[in-house]
Protein chains: 2
Amino acid sequence: MKKPSGEKDSDEYRQRRERNNLAVKKSRMRSKQKAVDTQQRVNELKEENERLEAKIKLLSKELSVLKDLFLEHAHNLADNVQPPAGTEGSSPAPNNTSTNGQ
Amino acid sequence: MKKPSGEKDSDEYRQRRERNNLAVKKSRMRSKQKAVDTQQRVNELKEENERLEAKIKLLSKELSVLKDLFLEHAHNLADNVQPPAGTEGSSPAPNNTSTNGQ
DNA sequence: AGTCATTGCGCAATGG
DNA sequence: CCCATTGCGCAATGAC
């Protein structure tokens, strides 16, 4: 079963093995590096995500403030701009506290 | 040079090899699966990111609309509710009704 | 001392 | 034909 000297045993064979071994090492290095990169990508994306969520929170807050201002104004219009000559309403300050709970 | 019976060649040795090979396979499967999971995590995070950015865009738009409304209102106030004492005014009757096409 | 887990390495098959 | 990628086994080492 053992080819005595080998049609293909110890000549260019060895050479090819060597080369392949190198290729294998290289390939595996790359593969590993890629895994590392991917993991890092995850971290970056996570951070980005947090940034975005913070921004959303901020914008939402701003929005709700502005909306509240609008509502307040509308109420003022409805309550104040009605000075009917003859009716003593006397509603000095319409208590208005409607906060949006998100 | 060949230990005929081998102090440790074909007995529990084979058994141990077998076991180890199994363990190796298992470990590598896991490792590979983890890589896949990580990659998927990246995709999920990317999607999430896009969603968040869309939301930010929307909120920003809303905000700018509201802000514009405020500015407009402020201008109206400055122009109408300021009858400067001494200068012949312009519009005695506050022109109401901004945009109503019905 | 014993077991499984993880890792670097080489071989061979296979895919470009 | 050459390199790249992948499954597999071996052996050393790690961790418990």
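A, B, ... follow the sequence lines: proteins, then strands. Residue 1 opens every chain.
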Hydrophobic cluster (4.5 angstrom, side-chain heavy atoms) - remaining members for [X]:
X: A:L22; result: none
X: A:L52; result: A:I56, A:L59, A:L63, A:L66, A:L69, A:F70, B:L52, B:I56, B:L59, B:L63, B:L66, B:L69, B:F70
X: A:V24; result: none

**Request:** For DNA chain C, find the residues of residues 29-43 of chain B with a heavy-atom distance under 4.0 Å and give them by number; none if there aren't any.
**Result:**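 Heavy-atom contacts with DNA chain C come from B:R30.
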
**Prompt:** Can you name the side-chain contact (heavy atoms from CB on, under 4.5 Å) partners of B:R19, sequence neighbours left out?
**Reply:**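 Scan of B:R19 (side-chain contact (heavy atoms from CB on, under 4.5 Å), adjacent residues dropped) gives none.
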
**Message:** Please determine whether a side-chain nitrogen or oxygen atom of B:S27 lies at a distance below 4.0 Å from atom OP1 or OP2 of C:dT6.
**Reply:**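 So the side-chain polar atoms of B:S27 do come within 4.0 Å of the phosphate oxygens OP1 or OP2 of C:dT6, strictly under.
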
Extract from the structure each pairing of a protein N or O with an N or O of nucleotides 1-4 of chain C at less than 3.5 Å, listing the distance.
residue	atom	partner	partner atom	Å
C:dC4	OP1	B:R19	NH1	3.3

**Request:** Specify the residue among B:L22 and A:R28 whose closest nucleotide of DNA chain C lies further upstream toward the 5′ end.
**Result:**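 Counting from the 5' end, the first nearest nucleotide belongs to B:L22.
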
**Request:** Please find the earliest and latest nucleotides of DNA chain D, in the 5' to 3' direction, that have an atom within less than 4.0 Å of any heavy atom of chain B.
**Result:**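 Listed 5' to 3', the contact boundaries are D:dG7 to D:dA12.
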
In chain order, what residues pass the side chain to side chain donor-acceptor pair (under 3.5 Å) check against [X], with sequence neighbours excluded?
X: A:E53; answer: none
X: B:N49; answer: none
X: B:R51; answer: B:E48

Show me the donor-acceptor pairs, under 3.5 Å and distance only, between side chains in residues 29-42 of chain A and residues at least two apart or in other chains.
residue	atom	partner	partner atom	Å
A:Q33	NE2	A:D37	OD1	3.0
A:T38	OG1	A:K34	O	2.9

**Request:** Only counting residues at least two apart or in another chain, list the ones meeting salt bridge (charged side-chain N to carboxylate O under 4.0 Å, His left out) with A:E62.
**Result:**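 Only B:K67 meet the salt bridge (charged side-chain N to carboxylate O under 4.0 Å, His left out) criterion with A:E62.
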
**Message:** Working to the nearest 0.5 angstrom, can you tell me the gap between A:L71 CG and A:H75 NE2?
**Reply:**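 That separation rounds to 6.0 Å.
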
